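Below: the structure, in structure tokens.
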Amino acid sequence: MQVPLFLHHQPTPMPPSNSLIWFRKGLRIHDNPALDHAIKHTKHLFPIFILDPHYLAPDLTAFSPGSNRSGLNRIQFMLECLVDLDSSLGKLGSRLLVFNGDPIQVLTRLLKEWDVKKLCFEYGTEPYYQDLDKQVKSFASAAGIDVFSPVSHTLFNPADIIQKNGGRPPMSYQSFIKLAGNPSPPLTTTISSLPPVGNVGDYEMLRVPTIKELGYGDNTQEEFSPFRGGESEALKRLKEALGGKEWVANFEKPKGDPSMFLKPATTVLSPYLKFGCLSSRYFYQCLQDVYKRVKKHTLPPVSLVGQLLWRDFFYTAAFGTSNFDQMKGNRICKQIPWNDKDELLVAWREGRTGYPWIDAIMVQLQKWGWMHHLARHSVACFLTRGDLFIHWEKGRDVFERLLIDSDWAINNGNWMWLSCSSFFYQYNRVYSPISFGKKYDPNGKFIRHFLPVLKATTATFQNLDIVIVLYSSIMIISVTKYQLSDMPKEYIYEPWTAPLTVQTKANCIIGKDYPKPVVDHNIASKECKKKMGEAYALNRANNGLVGEEDLKGLRRKLEDDQHQDSKSRTQKQKLVG
DNA sequence: ACGAAGTTGCGTCT
DNA sequence: AGACGCAACTTCGT
């Protein structure tokens with residue numbers, strides 16, 4: 001049923017006044033309870049978005065172009081979301097007012113100067129929003145401003161689930177499902193027009209800025225994400241996905257092919273859910289509608305609906321766990337003596353581990369800001385418990401910066417999952433950086449696509465710029481030298497095993513044109529499993545309360561053991577030789 | 001206390 | 001393609 005907007009009867013004696021909707025996530029018109037509420041009984045509506053310099057100021061010291069919090073792909077994606085939102089608001093007789101500055105300062109000033117009586121914004125469950133919103137709400141209540149802050153980013157209210165579970169978030173998916181039940185349906189109101197924007201006073205009205213205007217103009221990124229931001233794009237993408245009825249009904253997440261990139265094996269709706277361009281409740285309802293029209297469909301956890309529930313599962317766990325984004329002081333996180341080998345971290349980050357499958361995925365991350373979830377698993381396992389034994393927080397930082405869909409709860413949750421720090425504990429199951437990719441893509445098409453030329457790392461490109469100026473012909477040679485694409489498929493996953501004649505013919509000498517593997521997977525994974533076993537034992541013995549000193553002690557012991565092992569390996573090799 | 005189950009491992013066998 | 005051993009984790013429910 002559609003109700004004309006200004007006929008809503010409000011049992012309030014007050015005359016219509018000014019409302020402000022503050023967009024943060026939830027960059028959409030459809031199923032937007034904060035917007036729906038903001039337009040009721042309202043004379044003027046001020047729709048605002050605040051560009052926070054703490055988040056967006058360019059940072060030249062970061063390892064990739066962008067701000068200190070985000071790479072360029074996600075900033076670009078967000079700006080596209082804002083442009084689309086502005087255009088949608090425009091069609092309804094309004095517009096998006098964009099401001100620059102500290103959110104609290106900007107917001108409190110605007111509320112005062114515009115005589116706002118009602119402030120609406122989507123509830124934020126992340127610590128960042130919890131802190132921010134506490135300040136905003138206390139200001140509003142002192143100033144006599146009504147605040148409406150509905151939970152509409154997730155299917156459920158995490159607080160409800162935690163309460164139902166006796167105050168703690170459920171730690172397994174099945175127990176979460178049992179508690180969750182069915183989500184409430186999305187709003188059905190269709191907005192046909194919006195109250196006019198009031199007099200904005202002396203403010204200079206910014207349009208949504210471009211990447212260049214934000215000061216990232218001289219970026220060295222060579223290829224941008226193929227995914228465009230915005231609600232319109234989200235709904236288009238959703239419609240396309242839902243059109244494949246059978247595909248939706250038969251979707252099984254673990255069976256997806258991580259090497260598909262021209263036509264990804266998943267919906268790629270995650271970035272739109274992250275920014276709230278797509279309502280999770282609307283998506284959920286659309287999926288239920290498809291299920292009703294087919295005979296048989298897959299079920300959680302592997303189905304598409306199951307994926308939405310995973311999202312809520314992690315949001316709930318994150319909301320109910322202090323220090324969710326770190327190992328120390330995190331009740332649910334195993335204390336593990338990860339090592340601190342920066343050169344290995346950088347090799348992983350820049351896609352030069354010497355394992356083409358791993359490196360190609362990391363290049364896809366740099367260029368596209370998106371990879372298939374199994375590809376994420378593969379590289380996350382490799383960095384942490386599988387091969388390099390580097391802290392999951394370091395990998396988390398890289399993903400958080402570069403993924404266009406990076407989402408605080410989900411990203412941290414998955415890093416704990418993959419590193420066997422929480423949620424998942426079967427550390428003996430290690431992804432092979434060789435055979436895992438091979439089983440989907442035996443010819444190495446994915447590798448050949450993402451590793452044909454030099455990677456778009458800042459350092460490399462800075463060096464190259466100089467080369468271009470001075471010796472342009474040499475540059476061309478050095479680029480072609482890095483080709484891995486001609487490596488025969490027998491060796492594409494393990495190029496170091498190719499005979500020198502093959503390497504020469506492929507124009508790719510291992511150790512010179514493409515790196516040698518940074519670790520031997522067979523040895524490294526065995527050592528990692530052993531370390532995990534000892535770390536688990538320590539956590540068990542200390543009943544989860546592992547102190548700094550305990551961890552230091554175990555780290556020393558493990559390093560000694562490893563030293564002994566490698567010594568005996570060398571001796572064995574000598575004997576064999 | 002105990003058993004069952006757990007979104008997505010690998011290698012080897014048939 | 002599917003089953004099994006590998007070696008064994010935790011959480012949840014009884």
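Each chain gets a letter, A, B and so on, in the order its sequence line appears, and its residues count up from 1. Just so it is clear, the model here is predicted, and its values are computed rather than measured.
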When the distance from [atom1] of [X] to [atom2] of [N] is rounded to whole Å, what number comes out?
X	N	atom1	atom2	result
Met171(A)	dG13(C)	CE	P	14 Å
Ile177(A)	dT11(C)	CD1	C1'	15 Å
Asn165(A)	dG13(C)	CG	C1'	13 Å

Practice item. Using side-chain contact (heavy atoms from CB on, under 4.5 Å) as the criterion, point out the one residue from Gln562(A), Lys526(A), Arg385(A) that pairs with Lys531(A). Key: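 Answer after filtering Gln562(A), Lys526(A), Arg385(A): Gln562(A).
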
Check your understanding: Name the one of Ile361(A), Ile492(A), Asp441(A), Val363(A) that satisfies side-chain contact (heavy atoms from CB on, under 4.5 Å) with Ile447(A)?
Key -> Ile492(A)

Revision key, fill the gap. The contact string for nucleotides 7-14 of chain B, one letter per nucleotide 5' to 3', using protein heavy atoms under 4.0 Å with B, S and - for base, sugar-phosphate only and none, comes out as BBBSS---

**Study point:** Modelled atom types, side-chain donor and acceptor of His521(A) and Tyr355(A), under 3.5 Å
**Key:**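 The answer is no; no qualifying pair exists.
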
**Study point:** Stepwise side-chain hydrogen bond (donor to acceptor under 3.5 Å, both in side chains) test for Glu122(A) and Ser152(A)
**Key:** CA-CA 6 Å; Glu122(A) 185 175 66; Ser152(A) 50; 2.7 Å; yes

Check your understanding: Which ones in residues 535-544 of chain A lie close to DNA chain C, meaning a heavy atom under 4.0 Å from one of its atoms?
Key -> Tyr536(A), Arg540(A)

Please tabulate, one pair per line, all N/O donor-acceptor pairs under 3.5 Å involving side-chain atoms of residues 326-333 of chain A, not counting sequence neighbours.
residue, atom, partner, partner atom, Å
Gln326(A), NE2, Lys328(A), O, 2.9
Lys328(A), NZ, Glu548(A), OE2, 3.3
Asn330(A), OD1, Ile332(A), N, 3.1
Asn330(A), ND2, Asn323(A), O, 3.1
Asn330(A), ND2, Phe324(A), O, 3.4
Asn330(A), ND2, Gln326(A), O, 3.0

**Study point:** Check ion pair Arg228(A)-Glu233(A) (N to O, under 4.0 angstrom)
**Key:**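 No, no charged N to carboxylate O under 4.0 Å.
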
N/O donor to acceptor pairs below 3.5 angstrom from side-chain atoms of residues 304-318 of chain A, sequence neighbours left out:
residue, atom, partner, partner atom, Å
Gln307(A), OE1, Lys253(A), NZ, 2.6
Gln307(A), NE2, Pro301(A), O, 3.0
Gln307(A), NE2, Val302(A), O, 3.4
Gln307(A), NE2, Ser303(A), O, 3.1
Trp310(A), NE1, Pro301(A), O, 3.4
Arg311(A), NH1, His153(A), O, 3.0
Arg311(A), NH2, His153(A), O, 3.0
Arg311(A), NH2, His153(A), NE2, 3.0
Arg311(A), NH2, Leu273(A), O, 3.3
Asp312(A), OD1, Leu155(A), N, 3.1
Asp312(A), OD2, Leu155(A), N, 3.1
Asp312(A), OD2, Phe156(A), N, 2.8
Tyr315(A), OH, Lys25(A), NZ, 3.1
Tyr315(A), OH, His153(A), NE2, 2.9
Tyr315(A), OH, Asp407(A), OD1, 2.8
Tyr315(A), OH, Asp407(A), OD2, 3.0
Thr316(A), OG1, Asp312(A), O, 2.7

Exercise for review: Could you tell me whether the phosphate oxygens of dT11(C), OP1 or OP2, come under 4.0 Å of any side-chain nitrogen or oxygen in Tyr425(A)?
Suggested key: yes

**Study point:** Aromatic ring proximity, centroids under 6.0 angstrom, Phe227(A) and Phe77(A)
**Key:** no

Practice item. Could you tell me whether Phe382(A) and Trp348(A) have their ring centroids closer than 6.0 angstrom? Key: no

Practice item. Could you summarise the pairing of DNA chain B as dot-bracket text, marking Watson-Crick and G-U pairs under 3.5 Å with ( ) or [ ] inside the strand and | across strands? Key: ||||||..||||||

Exercise for review: For ring-ring contact (aromatic ring centres under 6.0 Å, His included), just list the numbers for Phe399(A) and Trp392(A), CA-CA rounded to whole Å, side-chain angles, deciding distance to a tenth of an Å, and then say yes or no.
Suggested key: CA-CA 11 Å; Phe399(A) 274 27; Trp392(A) 61 267; over 10 Å; no

[N] versus [M] - spacing of their [atom1] atoms, nearest Å:
N	M	atom1	value
dC12(C)	dA8(C)	P	24 Å
dA7(C)	dC2(B)	P	24 Å
dT7(B)	dG13(C)	P	13 Å

Atom pairs and distances, side-chain donor-acceptor, residues 240-250 of chain A, under 3.5 Å, sequence neighbours left out:
residue, atom, partner, partner atom, Å
Asn250(A), ND2, Glu246(A), O, 3.1

